[in-house]
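The structure under discussion appears below in the form of structure tokens.
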Number of protein chains: 2
Amino acid sequence: MARALRPAEILTSYIATRGLKATRQRHVILEAFLSARGHVSIDDLLAKVRSADPRVSAATVYRTMKLLTEAGLASAQHFGDGQVRYEAAAGKAHHDHLICTSCGQITEFEDDRIESLQDAAARSHGFRVERHKLEIYGVCRACQRAARPGPARSDAN
Amino acid sequence: MARALRPAEILTSYIATRGLKATRQRHVILEAFLSARGHVSIDDLLAKVRSADPRVSAATVYRTMKLLTEAGLASAQHFGDGQVRYEAAAGKAHHDHLICTSCGQITEFEDDRIESLQDAAARSHGFRVERHKLEIYGVCRACQRAARPGPARSDAN
DNA sequence: GTCCCTGCAAACTCTTTGCAGACCG
DNA sequence: CGGTCTGCAAAGAGTTTGCAGGGAC
């Protein structure tokens with residue numbers, strides 16, 4: 001099997017085959033996005049990008065992330081906090097998200113049994129599945145520890 | 001077991017116990033919300049409300065739906081189309097959503113096996129679960145039929 | 001040189017908020 | 001009457017878009 005292309009190569013070839021242009025901004029944004037390695041908001045990304053090149057505008061980040069999404073390098077996620085977040089998509093299997101409501105950390109996980117039950121549930125309702133999205137909100141291990149430094153409390157607030 | 005309270009009674013008692021006031025608008029909005037029986041956007045709801053009382057403002061609908069949510073009568077859903085939708089919540093168990101990407105219809109379903117696998121997955125990552133959200137996007141039976149009136153096509157577009 | 005891309009600012013959508021007057025209890 | 005609510009309009013947040021100049025090929 002052929003070696004997987006690196007993201008920069010994927011972008012370059014996507015750009016080349018469509019008569020688009022390889023600009024400084026597009027590469028800066030790709031680098032910032034890859035180095036973020038998480039689920040970045042446009043805001044976070046813009047900050048990172050600007051530390052490398054202060055003149056890049058927010059509009060360009062929006063436009064470029066759309067381009068990366070079309071190129072299959074990024075995928076957009078809506079976690080209900082009112083802004084889009086992007087995660088790296090190149091060669092990744094479908095996965096779901098655990099979101100800590102305390103620190104905001106987002107963890108990915110995969111579970112084939114859940115996947116097939118989802119498909120079965122959809123089929124039993126006559127749906128042809130295109131995609132699905134599972135998000136579990138809760139408190140991560142670290143935040144649970146931080147919140148309970150002493151003996152257990154029965155704080156129901 | 002006691003008879004379940006009707007929504008209007010729940011609202012009245014919620015209002016009474018907090019020193020709030022029962023206004024014409026609040027009841028009109030509750031009625032419109034209940035008669036919608038689905039996953040209504042504020043926009044849809046405002047239209048319904050105005051057909052009963054044209055002077056109600058959008059701000060009041062926003063404020064009232066928040067109130068109904070606190071009272072346990074409604075629950076807010078974010079389906080990634082950029083607007084909040086509300087569904088009736090009184091006495092309903094947790095459930096997930098099947099969303100038709102063609103006609104927008106939203107169907108609810110429940111699956112205990114999925115629920116427990118979700119909980120297990122979260123626990124295995126050390127999360128204490130607060131809530132979760134599963135959305136399956138696809139094409140509903142009706143839209144599949146509508147899209148293929150003749151023999152099967154191999155349209156990959 | 002051509003056409004794409006960028007930065008800026010204005011526009012847009014959805015939602016929230018400040019305020020003065022209206023209304024409930 | 002007092003305090004809550006309402007409608008209006010303005011303000012906000014996040015995102016998109018029109019345009020003129022700049023840059024890739």
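Since this is a predicted model, take the numbers as computed values, not measurements. Throughout, a chain's letter reflects where its sequence line sits, starting with A, and its residues are numbered from 1.
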task: Under 4.0 Å between any heavy atoms, over every strand shown, what does B:A58 touch: base, sugar-phosphate, or nothing? Just pick one.
output: nothing
task: Taking only the side-chain heavy atoms of A:R63 (C-beta and beyond), determine which of C:dT16, D:dT15, D:dG18 contains the nearest atom.
output: D:dG18
Common cluster, B:F79/B:I136, ILVMFWY with side-chain heavy-atom separation under 4.5 Å: no
Rounded distance in Å - CZ (B:R50) to P (D:dG7): 9 Å
query: Looking at B:Y62, does any N or O in its side chain come under 4.0 Å of the phosphate oxygens OP1/OP2 on C:dT15?
result: yes
field: Nearest-nucleotide pick for A:A22, side chain only, options being D:dC25, C:dT17, D:dT15
entry: D:dC25
- prompt: So if you build clusters from Ile, Leu, Val, Met, Phe, Trp, Tyr with side-chain heavy-atom gaps below 4.5 Å, do A:L67 and A:V40 land together?
  reply: yes
- line: Among the nucleotides C:dG7, C:dT15, D:dC8, whichever has the atom closest to the side chain of A:S57 is C:dG7
statement: In whole angstroms, the gap separating C1' of D:dC5 from CG of B:D53 amounts to 14 Å
message: What is the separation between atom CD on A:Q83 and atom P on C:dC14, rounded to the nearest whole Å?
response: 18 Å
query: Is there a chain of hydrophobic side chains (I, L, V, M, F, W, Y, each step under 4.5 Å between heavy atoms) that links B:L20 to B:V61?
result: yes
- prompt: Can you check whether A:K66 has a side-chain N or O nearer than 4.0 Å to OP1 or OP2 of D:dT16?
  reply: yes
- request: Would you mind reading off the distance between A:Y14 atom OH and C:dC4 atom C1', rounded to a whole angstrom?
  value: 14 Å
task: Provide, to the nearest angstrom, the distance between the CG atom belonging to B:D43 and the P atom belonging to C:dC12.
output: 17 Å
message: Can you see if the side chain of B:R26 gets near the phosphate of D:dC5 - specifically, an N or O under 4.0 Å from OP1 or OP2?
response: yes
- request: Starting from C1' on D:dG14, measure out to CE on A:M65 and report it in whole angstrom.
  value: 16 Å
message: Taking only side-chain N and O atoms of A:Q25, does any of them lie within less than 4.0 angstrom of OP1 or OP2 on C:dG7?
response: yes
query: Does a side-chain N-to-carboxylate-O contact under 4.0 Å join A:K133 and A:E135?
result: yes
statement: Of the listed D:dC5, C:dT15, D:dG3, the closest approach to the B:K21 side chain comes from D:dG3
task: Report yes if a side-chain nitrogen or oxygen of A:T23 is closer than 4.0 Å to either non-bridging phosphate oxygen (OP1 or OP2) of C:dT6; otherwise report no.
output: yes
- prompt: Atom CZ of A:R55 to atom C1' of D:dG21: distance rounded to whole Å?
  reply: 14 Å
- request: For the pair B:E108 and B:K92, find out whether any cationic side-chain nitrogen is under 4.0 Å from an anionic carboxylate oxygen.
  value: yes
- prompt: Just how far, in rounded Å, is C1' of C:dC12 from CG of B:D81?
  reply: 16 Å
message: Does C:dC5 have its OP1 or OP2 closer than 4.0 Å to a side-chain nitrogen or oxygen of A:T60?
response: no
- prompt: Taking the nucleotide of DNA chain C with the closest heavy atom to each, which residue, B:I42 or A:R24, is nearer the 5' end?
  reply: A:R24
